[in-house]
There are 2 protein chains.
Amino acid sequence: MTGPIRVVLAEDQGMVRGAFAELLALQPDIDVVATAATGDDALRAVEEQRPDVLLTDIEMPGRTGLDVAAELHRRADPAKVLIVTTFARGGYLRRAMEAEVAGYVLKDAPIADLADALRRVHAGERVIAPELAMAAWDHASPLTDRERDLLAEVAVGASNAEIASRLHLAEGTVRNYLSAVLAKLGVRNRTEAAATARERGWL
Amino acid sequence: MTGPIRVVLAEDQGMVRGAFAELLALQPDIDVVATAATGDDALRAVEEQRPDVLLTDIEMPGRTGLDVAAELHRRADPAKVLIVTTFARGGYLRRAMEAEVAGYVLKDAPIADLADALRRVHAGERVIAPELAMAAWDHASPLTDRERDLLAEVAVGASNAEIASRLHLAEGTVRNYLSAVLAKLGVRNRTEAAATARERGWL
DNA sequence: GCGCGCTGATGACATTAGTCATCGCGAAGC
DNA sequence: GCTTCGCGATGACTAATGTCATCAGCGCGC
């Protein structure tokens with residue numbers, strides 16, 4: 001042992017951030033060296049504090065926790081990333097895996113799991129919420145990258161003409177792609193496609 | 001003073017529930033007599049424990065915190081209700097007001113506000129998050145009840161024909177209503193209307 | 001009791017959205 | 001080298017959406 005585990009905590013909700021920070025600080029082997037409310041603050045805190053572990057939520061203003069994880073991975077930063085989130089979405093887990101995060105736990109789990117996961121991640125283990133390890137992959141998105149781009153536009157209410165101009169496509173092409181998306185999702189119109197994709201985290 | 005404030009805590013996310021419960025339990029004047037992960041459990045806990053205050057999240061499986069608040073209000077239960085939630089949505093606050101809740105605070109606020117709000121609510125004060133007291137009403141939904149019903153169907157991807165049959169309307173009527181909704185929201189199609197309404201909490 | 005807003009309805013019309021067949025190009029995969 | 005797949009495009013359809021004008025009953029406010 002070389003001293004307590006140095007942790008940066010990123011979580012946008014003030015109460016949850018405060019509560020986690022206070023509880024973790026009660027653990028003798030854990031030292032919360034900084035907290036952040038946004039992804040950008042989290043990155044800055046990691047640069048300044050060089051912690052052992054970044055404990056981060058996903059949904060935060062500006063950069064998300066997944067964006068931060070991807071950025072740290074790109075920089076080959078030695079800090080391990082432990083994602084703690086509400087969302088048991090396959091898409092999130094996929095992106096987390098791509099960013100090589102060290103752990104992914106759900107806020108649904110008991111609070112004791114948090115410090116436990118932190119210690120295991122610090123020890124070099126990989127910690128994935130068991131509900132996800134199984135469930136994530138049979139929900140894998142059948143969409144291609146381009147189809148996802150398109151669907152993202154659909155989800156904010158863009159018309160085919162708008163999508164065509166934003167994505168530099170012919171309008172007919174947009175119609176065709178969307179037709180394929182509808183078939184893959186097994187739905188009958190764009191609005192249902194948007195609702196379904198949102199629900200399954202395929203946006 | 002007749003002893004500590006007896007609190008029932010309802011919150012679906014295990015980690016957040018655990019963290020809040022542990023922190024509140026550290027306060028000498030607060031006694032967490034029960035915790036619940038669903039609205040139904042919360043109701044049951046209030047019946048059994050007869051607490052001074054029910055501290056509850058809104059979004060929970062089954063019955064929401066707002067449903068529970070409305071039910072307790074209907075029963076003229078003496079327990080005061082303090083809503084603590086992520087969502088600064090006008091619609092939620094409106095429904096909370098209708099259920100005569102004693103307080104409404106945001107998880108965005110610092111953790112110290114939680115125990116503070118709890119004490120003030122117990123003392124008979126009404127505590128509303130300042131961001132909301134102002135903001136909620138200028139975002140008030142311009143939609144009528146029926147229009148909201150319709151939009152809820154639209155948001156899950158129903159076609160006009162489906163909406164017509166589910167709501168017992170003529171299809172032409174559905175088209176007209178939707179047209180009015182689109183005009184009120186200042187959008188150009190149903191998918192954008194769904195996205196906008198979801199974002200503003202008007203569903 | 002008159003007006004207004006909500007609800008519900010028709011019908012005609014213009015515009016979008018969605019389907020299908022078919023094509024070209026390039027990059028993998030075996 | 002041939003096939004498969006992703007990407008992008010036309011064109012010709014059909015079906016679904018959205019717009020507008022117009023009407024009628026009901027309840028509420030003043």
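Regarding contacts with the backbone of D/dG8, a side-chain N or O of A/Tyr177 is found under 4.0 angstrom from either OP1 or OP2. Phosphate contact (OP1/OP2 of D/dA16, side-chain N/O of B/Asn160, threshold under 4.0 Å): absent.
As judged by a 4.0 angstrom heavy-atom cut-off over every strand, A/Arg190 is placed among residues touching the sugar-phosphate backbone only. Counting any heavy atom pair closer than 4.0 Å across all strands shown, B/Ser159 reaches sugar-phosphate atoms only and no base atom.
Inter-residue side-chain proximity for B/Arg119 and B/Ile30 is flagged as met; some heavy-atom pair is nearer than 4.5 Å. In this structure, the side chains of A/Leu151 and A/Tyr177 stay at 4.5 Å or more apart for every pair of heavy atoms.
Taking atom CG of B/Asp145 as the reference point, atom C1' of C/dG5 lies 13 Å away to the nearest angstrom. For the pair A/Leu185 CG and C/dG18 C1', the interatomic distance rounds to 14 Å; values are reported in whole Å. Taking atom CZ of residue A/Arg146 and atom C1' of nucleotide D/dC5, one finds them 16 Å apart after rounding to whole Å. Across the protein-nucleic acid pair, A/Asn176 atom CG and C/dG24 atom C1' stand 14 Å apart, rounded to whole Å. C/dC6 atom C1' lies 14 Å from atom CG of B/Leu150, rounded to whole Å. The distance between atom CD of A/Glu162 and atom P of C/dA17, rounded to the nearest whole Å, is 8 Å. For the pair A/Leu178 CG and D/dC7 C1', the interatomic distance rounds to 16 Å; values are reported in whole Å. Rounded to an integer number of Å, the gap from A/Leu182 CG to D/dA15 C1' is 14 Å.
Between B/Glu71 and B/Arg74 there is a salt bridge, since a side-chain N of the basic residue sits under 4.0 Å from a carboxylate O of the acidic one.
Judged by closest nucleotide on DNA chain D, A/Lys184 is the one of A/Glu171 and A/Lys184 placed further toward the 5' end. Nearest-nucleotide mapping onto DNA chain C: of B/Leu169 and B/Asn189, the residue sitting toward the 5' end is B/Leu169.
Listed nucleotides: D/dC7, D/dG8, C/dT10. Nearest to the side chain of A/Thr173: D/dG8. The side chain of A/Ser179 approaches C/dG18 more closely than any other nucleotide in the set D/dG8, C/dA9, C/dG18. In the set D/dT17, C/dG8, C/dT19, C/dT19 carries the atom at the smallest distance from any side-chain atom of A/Arg175.
Side-chain atoms of A/Thr173 and A/Asn176 include no donor-acceptor pair closer than 3.5 Å.
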Full working for side chain to side chain contact (heavy atoms under 4.5 Å, CB included) between A/Arg120 and A/Asp116: CA-CA 6 Å; A/Arg120 288 168 59 192; A/Asp116 184 51; 3.7 Å; yes
